[in-house]
Amino acid sequence: MAKQNITPRAEDYAQWYIDVVLQSKLADYAPVKGCMVIRPNGYGLWENIQKTLDEMFKETGHENAYFPLLIPESFLKKEAEHVEGFAPELAVMTHAGGKKLEEPYVLRPTSETIIWSTYKKWIQSYRDLPILINQWANVFRWEMRTRLFLRTTEFLWQEGHTAHATFEEAEEETLKMLGVYRNFAENFMAMPVYVGKKTNKEKFAGAVTTYCIEPMMQDKKALQAGTSHNLGQNFAKAFDVTFQTKEGKLEHVFATSWGVSTRLIGGIVMAHSDDNGLVIPPKLSVIQAVWIPIFNKDNQEKITGKVKELTQTWKNEGIKFKIDDRDNYKPGWKFNEWELQGVPLRIELGPKDLEQNQVVIARRDTNEKVAVSFENVTQTVKNLLVTIQNDLFTKALNFRNDNTFVTDDYKFMLKKSDEDNGFYKIHWCGNRACEDNLQEMGKITIRCIPLNNEQENGKCIVCGEASKERVIAAKSY
RNA sequence: CGGGACAUAGCGCAGUUCGGUUAGCGCGCCUGCCUUGGGAGCAGGAGGCCGCAGGUUCAAAUCCUGCUGUCCCGACCA
């Protein structure tokens, strides 16, 4: 066989993505439309994502709980905007136990309604607040068009649901979790993100304010990678959740919700990978370094023995590694296989190296190879893992900056966006009509209004009305 | 949900136009030998309800109808 048969990015980006996901064994298609099997490679990544985020949630005072998958249909209908937003994508259970159900159950598209119906029972006084709960769960959204990890009918996520005594406290929580997401995206996924507020058109159905993180993928489109909502009193009012204040007054509770999903895995693929397959940031990689001993029958024992000796301390050092000593595959085959699966470092040890007391270390992200003496292997590997993590971020940041354009010329933007994707920093008057026009004319949406945005007087790129700041606009997933 | 393409061995494909022995090829897989520093070589072998369900016919991978799934393009969304 030639090399792997991954469609090059330049030729067909969408097909490249599918090829990488399937061939690197992240996922496989399932028998049901829009569903996928998350394979060990993909699930291992998800477990690392979960583990890291879960610690961050705990550190910020949250606890995990679990609410049921099935939600009475009537619950969804209690919050008008909410039901309107989700109605088209609901999967509904109508029969059970061989009978038609009195009231259909909805497979949760998100859990605000069932959680707030429960919080009603738990909250009486300001002393019961705040409630800071997260749940790891699956959700169902019947999407018209699905894509592995990016949009599937069933997906895994976490959803935080908190209850507070004041709007300010809810807002603080919303922004705090947005910060957690930003930290995770940038420092673990090595994916620079714009952090900002959604427009009314783009916000969550039922939220007062939606905040988000938006990274750029390698095709220069935006991916909504995480959202954090200040729900105000909308759900508390819909479910009549009130509490008694210190002063004895009855008030509706303030809510937030925030989530990231297995879509992040699609983000990792699209942010860093190349035509040879996956590239995974070291901090999230299930295997950080793979050893490929190069041997024949005569020296096999000697060489694998040396590898074991050199890695004796690695478990304690916290380096996640694997020794690929299969004798039914040749080294060259293994090189390609592990590259395809995105392992950050490959370490070769063959007879020639043994003679010279060295190993050869190859970086997945740059393909660079260096010879390193036995005594320096451990430290070099540790350093390289840090370097790769940083380099991936820098590379992605430079890529985003190179493809972000500040413009006041609508025609230029539409023309440019027609030829190639990119982020545009544009003035916008704040009106829905102009936002709709962007979408109609260029399939461009306003991804966010950046937080701590530089204030600058300008004119809306569509209508020319006054604007005080620039927003991020782009085509998106 | 509209438009288009596709579905034959684990993967990639040929065969379908114009129905006709036992459905092929490459890679992979199994056995053995030989090999091992960028997807080695030779020999032998296993593997198929031709996506599913109906129909037409003496005869269907091939023709007809329905369904399901995947991909692409649109409208909708994390």
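Because the structure is a prediction, the values reported are computed rather than measured. Quick note on labels: first sequence line is chain A, next is B, and so on, each numbered from 1. Just so you know, these numbers use all the heavy atoms, side chains as well, and skip hydrogens, waters and symmetry mates.
- A:T152 comes within 4.0 angstrom of a base, heavy atoms only.
- When rounded to the nearest whole Å, the span between CH2 of A:W333 and P of B:G37 equals 14 Å.
- Of the N and O atoms on the side chains of A:N421 and A:Y13, not one donor lies less than 3.5 Å from an acceptor on the other residue.
- Across all strands shown, the partner of B:C6 is B:G69, judged by Watson-Crick or G-U wobble contacts whose two distances both fall under 3.5 Å.
- Taking a pair to require two hydrogen-bonding distances under 3.5 Å in either a Watson-Crick or a G-U wobble arrangement, B:G41 pairs with B:C33.
- Partners of A:D324 under the salt bridge (Lys or Arg N to Asp or Glu O under 4.0 Å) rule, at least two apart in sequence or in another chain, are A:R326, A:K334.
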Please tabulate, for the side chains in residues 351-359 of chain A, all donor-acceptor contacts under 3.5 angstrom to protein atoms that are two or more places apart in sequence or on a different chain.
from: A:D353; atom 1: OD1; to: A:Q358; atom 2: NE2; distance (Å): 3.1
from: A:D353; atom 1: OD2; to: A:G350; atom 2: N; distance (Å): 3.0
from: A:Q356; atom 1: NE2; to: A:K352; atom 2: O; distance (Å): 3.4

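- Proximity of residues 36-45 of chain A to RNA chain B (heavy atom under 4.0 angstrom from any strand atom) is not detected for any residue.
- Residue pairs that meet the salt bridge (Lys or Arg N to Asp or Glu O under 4.0 Å) test with at least one member in residues 21-40 of chain A, sequence neighbours left out, are A:K25-A:E337.
- The nearest whole Å value for the distance from the CD atom in A:Q23 to the C1' atom in B:G12 is 10 Å.
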Generate the contact string for nucleotides 68-77 of chain B. Rules: B means base contact, S means sugar-phosphate contact only, - means no protein heavy atom under 4.0 Å.
-SSSSBBBBB
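- With sequence neighbours excluded, the residues forming a side-chain contact (heavy atoms from CB on, under 4.5 Å) with A:K201 are A:T199, A:R432, A:E435, A:D436, A:Q439, listed by chain and number.
- Pairing of B:U57, defined by two Watson-Crick or G-U wobble distances under 3.5 Å, is not identified with any nucleotide.
- Near RNA chain B, defined here as any heavy-atom distance below 4.0 Å, there are no residues from residues 66-79 of chain A.
- Across all strands shown, A:T227 has no heavy atoms under 4.0 Å from either base or sugar-phosphate atoms.
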Please enumerate all protein N or O atoms sitting under 3.5 Å from an N or O of nucleotides 30-36 of chain B, with distances to 0.1 Å.
from: B:U36; atom 1: O2'; to: A:F295; atom 2: O; distance (Å): 3.3

All N/O contacts under 3.5 Å from nucleotides 6-11 of chain B to the protein, with atom names and distances to one decimal?
none

Name the atoms and distances for all side-chain donor-acceptor pairs under 3.5 Å in residues 292-302 of chain A, with sequence neighbours left out.
from: A:N296; atom 1: OD1; to: A:D298; atom 2: N; distance (Å): 3.0
from: A:N296; atom 1: OD1; to: A:N299; atom 2: N; distance (Å): 3.2
from: A:N299; atom 1: OD1; to: A:N296; atom 2: N; distance (Å): 2.8

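- Pairing for B:A46 is absent, judged as Watson-Crick or G-U wobble with the two contacts each under 3.5 Å.
- Between A:W291 and A:W314, the ring planes are tilted. Angles from 30° to 60° get that label.
- Near RNA chain B, meaning a heavy atom under 4.0 Å from it, residues 343-364 of chain A has A:R346, A:E348, A:G350, A:P351, A:K352, A:D353, A:V360 in order of number.
- Checked against the 6.0 Å centroid threshold, A:H62 and A:W258 count as a close aromatic pair.
- For residues 44-53 of chain A, no residue pair satisfies the side-chain hydrogen bond (donor to acceptor under 3.5 Å, both in side chains) rule, not counting sequence neighbours.
- Taking CD1 from A:I280 and CE from A:M189, the interatomic distance works out to 11.0 Å, rounded to the nearest 0.5 Å.
- Only the C1' atoms considered, B:G38 is 44 Å distant from B:C52, to the nearest whole Å.
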